[in-house]
Engineer: 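Handing you this structure, nothing more for now.
Order of the sequence lines sets the chain letters (A, B, ...), proteins ahead of strands, with each chain counted from 1. Basis for what follows: all heavy atoms, side chains included, without hydrogens, waters or symmetry-related copies.
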There are 2 protein chains.
Amino acid sequence: MSMRQKKPSAINVTVLERLRAAGLRPTRQRLALAKLLFARGHRHCSAEQLFNEAKGHRVDVSLATVYNALHDFTAKGLLREISIDSSSSYFDTNTGNHHHFYFERSGQLEDIADDQVSIAALPAAPGGAEISRVDVIIRIRA
Amino acid sequence: MSMRQKKPSAINVTVLERLRAAGLRPTRQRLALAKLLFARGHRHCSAEQLFNEAKGHRVDVSLATVYNALHDFTAKGLLREISIDSSSSYFDTNTGNHHHFYFERSGQLEDIADDQVSIAALPAAPGGAEISRVDVIIRIRA
DNA sequence: CAAGTTGTTTAGAATAATTCTAATTAGACA
DNA sequence: TGTCTAATTAGAATTATTCTAAACAACTTG
Ligand SMILES: [Mn+2]
Ligand SMILES: [Mn+2]
Ligand SMILES: [Zn+2]
Ligand SMILES: [Zn+2]
């Protein structure tokens with residue numbers, strides 16, 4: 001009974017399947033990053049944050065790979081990219097319809113469930129163009 | 001009757017008064033930039049755009065000054081800064097309540113009058129914090 | 001399993017928007 | 001006009017992000 005054999009845990013299997021289902025090769029780096037991102041609850045995370053978190057967990061991964069993974073995950077619909085503060089963008093593990101509180105002082109984002117906001121009237125897109133999504137951002141001062 | 005005396009035009013007087021009213025010294029550079037920004041209709045303008053426009057109008061002004069002016073104008077409420085695309089921020093000459101179409105392909109912004117959007121329900125800010133503003137962005141694909 | 005193929009990772013350089021520094025210039029106002 | 005203070009500027013610095021091209025690893029096929 002070798003100590004080498006590591007049986008993949010439930011969370012690892014889930015993450016691996018998510019990557020495969022998205023058409024992304026489950027590399028060591030992507031698995032580790034996806035685990036950090038998706039292990040528990042929804043989050044809003046910058047590239048730098050994820051990179052530091054990886055370092056903290058002894059996950060050896062380059063910053064370029066963090067950017068690659070975040071963009072690949074976003075392209076496959078596993079993440080949503082949010083640019084609110086021009087200083088850096090956030091990646092949201094919640095890809096469903098929802099909105100945000102933005103705390104101007106701290107730069108934190110907090111989810112607002114879709115049904116908490118009701119938009120009664122919306123103008124038609126000019127020229128009948130297709131709406132890709134509607135973002136509501138409630139900015140909180142201080 | 002000297003050709004040197006230049007009587008300030010109506011638009012120049014207006015711009016000068018706006019700067020003074022805001023507590024900003026009406027310098028040659030600020031007057032020229034404010035004229036470009038506020039001369040006609042509302043606009044959404046990046047620093048680079050304004051800088052190039054100034055060059056086109058033979059307004060000799062440094063890029064640092066363009067940034068300084070845009071931030072000073074924003075701090076005094078003459079402009080509103082908008083960060084939608086993480087690649088650069090826009091400055092909006094419309095500082096009243098309104099919302100935006102964002103054309104993902106071109107990066108253009110278009111105003112939506114406040115009364116065209118009706119938000120029936122909004123969650124309370126956590127901890128009774130003060131809402132500084134609510135932004136609605138309708139993203140248009142293609 | 002052993003290629004062979006293709007996608008991924010990476011260090012480090014490059015890019016680009018923005019900010020900073022420190023020296024010069026120019027409004028304001030007595 | 002002279003003094004004071006704020007604004008402008010060139011150019012360097014900063015910072016998030018992207019690019020390059022070489023090494024590597026996952027997948028496929030035989
Ligand atoms: Mn991005
Ligand atoms: Mn800014
Ligand atoms: Zn979210
Ligand atoms: Zn606007």
Side-chain angles (χ1 to χ4, degrees), chain A residues 8 12-13 15-36 44-55 58-76 78-79 81-91 107, chain B residues 6 8 12 15-36 44-55 58-76 78-79 81-91 107:
Chain A
N12 287 322
V13 170
V15 160
L16 190 142
E17 279 164 359
R18 279 191 83 166
L19 293 183
R20 271 210 224 287
L24 293 166
R25 283 192 186 175
T27 63
R28 196 198 89 228
Q29 292 86 342
R30 282 177 178 161
L31 283 168
L33 295 173
K35 217 168 85 172
L36 290 173
H44 307 96
C45 186
S46 72
E48 203 68 27
Q49 273 165 32
L50 183 58
F51 180 61
N52 287 325
E53 202 168 313
K55 281 199 293 204
R58 309 285 148 65
V59 172
D60 194 13
V61 65
S62 74
L63 183 56
T65 295
V66 171
Y67 276 101
N68 288 341
L70 288 171
H71 286 135
D72 293 343
F73 292 179
T74 301
K76 299 299 187 176
L78 268 40
L79 292 175
E81 188 172 358
I82 303 181
S83 304
I84 282 186
D85 187 324
S86 65
S87 69
S88 83
S89 56
Y90 291 95
F91 293 85
Chain B
K6 213 185 305 188
N12 286 323
V15 159
L16 190 140
E17 280 165 357
R18 279 192 83 167
L19 293 183
R20 272 209 222 286
L24 293 166
R25 284 194 185 172
T27 63
R28 197 199 88 228
Q29 291 87 341
R30 283 177 177 161
L31 282 168
L33 294 174
K35 217 167 85 172
L36 290 173
H44 307 95
C45 186
S46 71
E48 202 68 28
Q49 274 166 30
L50 183 58
F51 179 62
N52 287 324
E53 202 168 313
K55 282 199 293 202
R58 309 286 147 68
V59 172
D60 195 12
V61 65
S62 74
L63 183 56
T65 295
V66 170
Y67 275 102
N68 289 340
L70 288 172
H71 285 136
D72 293 344
F73 293 179
T74 301
K76 299 299 189 178
L78 269 40
L79 292 175
E81 187 172 358
I82 304 181
S83 304
I84 283 185
D85 186 323
S86 65
S87 70
S88 83
S89 56
Y90 291 97
F91 294 85

Engineer: Whole angstrom is fine here: how far is it from CG in A:Leu19 over to P in D:dC27?
Structural biologist: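 In whole Å, D:dC27 P and A:Leu19 CG are 10 Å from each other.
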Engineer: Please round to the nearest 0.5 Å and tell me the distance separating atom CG of A:Leu31 and atom CZ of A:Arg18.
Structural biologist: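 Atom-to-atom, A:Leu31:CG and A:Arg18:CZ are 12.5 Å apart.
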Engineer: Compute the angle between the rotation axes at the two ends of the helix from C:dC1-D:dG30 to C:dA30-D:dT1, each taken over five pairs, rounded to 10 degrees.
Structural biologist: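 The angle, to the nearest 10 degrees, is 30°.
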Engineer: Nearest nucleotide by nearest heavy atom, which residue falls closer to the 5' end of DNA chain C, B:Ser46 or B:Arg20?
Structural biologist: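 Comparing both residues, the 5'-ward one is B:Ser46.
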Engineer: Taking for each residue the nucleotide of DNA chain C bearing the nearest heavy atom, is the 5' side occupied by B:Pro26 or by B:Phe91?
Structural biologist: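 Whichever sits nearer the 5' end wins; that is B:Phe91.
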Engineer: Quick one: label A:Ser86 by what it contacts on the DNA or RNA (base, sugar-phosphate, nothing), any heavy atom closer than 4.0 Å.
Structural biologist: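 The answer is nothing, as A:Ser86 stays clear of every strand by at least 4.0 Å.
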Engineer: Please identify each residue that fulfils side chain to side chain donor-acceptor pair (under 3.5 Å) with B:Ser88, with sequence neighbours left out.
Structural biologist: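 B:Ser88 satisfies side chain to side chain donor-acceptor pair (under 3.5 Å) with no residue once adjacent residues are dropped.
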Engineer: Only counting residues at least two apart or in another chain, list the ones meeting side-chain contact (heavy atoms from CB on, under 4.5 Å) with A:Ala54.
Structural biologist: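 side-chain contact (heavy atoms from CB on, under 4.5 Å) check on A:Ala54 returns A:Leu33, A:Leu36, A:Val59, A:Val61.
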Engineer: Distance-only check: which donor-acceptor pairs under 3.5 Å involve side-chain atoms of residues 65-74 of chain B, not counting sequence neighbours?
Structural biologist:
from, atom 1, to, atom 2, distance (Å)
B:Thr65, OG1, B:Ser62, OG, 3.0
B:Asn68, ND2, B:Ala64, O, 3.3
B:His71, ND1, B:Tyr67, O, 3.2
B:Asp72, OD2, B:Arg30, NH2, 3.0
B:Thr74, OG1, B:Leu70, O, 2.7

Engineer: Measure the distance from CG on A:Leu50 to P on D:dA16 and round it to the nearest whole Å.
Structural biologist: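 Whole-Å distance recorded here is 15 Å.
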Engineer: Going by the rule side-chain contact (heavy atoms from CB on, under 4.5 Å), which residues pair with B:Ser89 if we only count those two or more places apart in sequence or in a different chain?
Structural biologist: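 With neighbours one apart ignored, the set is A:Ser86, B:Glu81, B:Ser83, B:Phe91.
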Engineer: May I have the distance from A:Leu70 (atom CG) to D:dA16 (atom C1'), rounded to whole angstrom?
Structural biologist: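 Atom CG in A:Leu70 sits about 13 Å away from atom C1' in D:dA16.
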Engineer: Among pairs that include at least one residue of residues 20-29 of chain B, which meet side-chain hydrogen bond (donor to acceptor under 3.5 Å, both in side chains), considering only residues two or more places apart or in two chains?
Structural biologist: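 Qualifying pairs: none.
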Engineer: Nearest whole Å is fine: how far is C:dA17 P from A:Asp85 CG?
Structural biologist: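 After rounding, the reported distance stands at 17 Å.
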Engineer: Please name the pair of heavy atoms, one in A:Gln49 and one in A:Tyr90, separated by the smallest distance, quoted to 0.1 Å.
Structural biologist: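 Shortest heavy-atom separation between A:Gln49 and A:Tyr90 comes out as NE2-CE2, 4.3 Å.
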Engineer: Sequence neighbours excluded, which residues qualify as side-chain contact (heavy atoms from CB on, under 4.5 Å) partners of A:Asn52?
Structural biologist: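 A:Asn52: side-chain contact (heavy atoms from CB on, under 4.5 Å) contacts with A:Glu48, A:Lys55.
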Engineer: Whole angstroms only, please: what is the CD-P distance between A:Glu81 and D:dA16?
Structural biologist: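 A:Glu81 atom CD is separated from D:dA16 atom P by 15 Å.
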Engineer: For nucleotides 6-11 of chain D, list the nitrogen or oxygen atoms of the protein found under 3.5 Å from its nitrogen or oxygen atoms, one pair per line.
Structural biologist:
from, atom 1, to, atom 2, distance (Å)
D:dA6, O4', B:Arg25, NH1, 3.4
D:dA6, O4', B:Arg25, NH2, 3.3
D:dA7, OP1, B:Arg30, NH1, 3.1
D:dA7, OP1, B:Arg30, NH2, 2.9
D:dT8, OP1, B:Thr27, OG1, 2.5
D:dT8, O3', B:Gln29, NE2, 2.7
D:dT9, OP1, B:Gln29, NE2, 3.3
D:dT9, OP2, B:Ser62, N, 3.0
D:dT9, OP2, B:Ser62, OG, 3.3
D:dT9, OP2, B:Thr65, OG1, 2.5

Engineer: Looking at every strand, decide which applies to A:Ser87 at a 4.0 Å heavy-atom threshold: base, sugar-phosphate, or nothing.
Structural biologist: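 Since only primed, P, OP1 and OP2 atoms lie under 4.0 Å of A:Ser87, the category is sugar-phosphate.
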Engineer: Just how far, in rounded Å, is C1' of D:dT17 from CZ of A:Phe51?
Structural biologist: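 Roughly 13 Å, once rounded to whole Å.
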Engineer: Less than 4.0 angstrom between a side-chain N/O of B:Tyr67 and OP1 or OP2 of C:dT19, yes or no?
Structural biologist: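 No, B:Tyr67 has no side-chain N/O under 4.0 Å of OP1/OP2 on C:dT19.
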Engineer: Could you give the CD1-to-P distance, from A:Ile82 to D:dA16, as a whole number of Å?
Structural biologist: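 Taking atom P of D:dA16 as the reference, CD1 of A:Ile82 is at 18 Å.
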Engineer: How close or far is atom C1' of C:dG7 from atom CG of A:Leu31, stated in whole angstroms?
Structural biologist: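 To the nearest whole Å, that distance equals 15 Å.
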Engineer: Could I get the full list of side-chain contact (heavy atoms from CB on, under 4.5 Å) partners for A:Ala22, not counting sequence neighbours?
Structural biologist: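 In terms of side-chain contact (heavy atoms from CB on, under 4.5 Å), with neighbours along the sequence ignored, A:Ala22 is linked to A:Leu24, A:Lys76, A:Leu78.
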Engineer: Using a cut-off of strictly less than 4.0 Å, decide whether B:His71 has a side-chain nitrogen or oxygen near OP1 or OP2 of C:dT18.
Structural biologist: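 False: B:His71 side-chain N/O out of range (4.0 Å or more) of C:dT18 OP1/OP2.
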